[in-house]
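Please read the structure below before turning to the comments.
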Amino acid sequence: MTEKKQKIEKTDADRIQEIYKLCQGHFGDVRFVGVKYHDKIGWIAKAQLGEDFENLSADGKTSTDALKKLRSRVKKIIKRYNAV
């Protein structure tokens, strides 16, 4: 008999924790990682970093989309920094 593996769906909270860990591991001090809704723009995911770095943000049609874009942006910055 074969068992089907159940696909575990990530929640936005899981995505926020993952982004927080990525930022903390690379940038050090992380003040805030979260998502909010803006009337004119839509969903905005934001990471407020320490004093040495500024904020990172990404927007999307859904909160999940905005968090995925922010995670992608953070990974690109880390990859670019490690390449130099």
Inset, instruction - If you link ILVMFWY side chains whenever their heavy atoms are less than 4.5 Å apart, which other residues fall into the same cluster as I41? By chain and number, please. - result: I44
Inset, instruction - Look only at the side chain of D14 and the backbone of T11, and say whether a donor-acceptor pair between them is shorter than 3.5 Å. - result: yes
Legend entry - D59 versus A66, closest heavy-atom pair with distance: C-CB, 4.1 Å
Inset, instruction - Carefully, step by step, assess L70 and V35 under the rule side chain to side chain contact (heavy atoms under 4.5 Å, CB included). - result: CA-CA 10 Å; L70 179 61; V35 64; over 6 Å; no
N/O donor-acceptor pairs under 3.5 Å from side chains in residues 19-33, not counting sequence neighbours:
none

Legend entry - For D12, side chain to side chain donor-acceptor pair (under 3.5 Å) partners two or more places apart: S63, T64
Legend entry - salt bridge (charged side-chain N to carboxylate O under 4.0 Å, His left out) pairs, two or more places apart, involving residues 68-78: E18-R71, D65-K69
Legend entry - Residues forming a side chain to side chain contact (heavy atoms under 4.5 Å, CB included) with N55, sequence neighbours excluded: K46, Q48
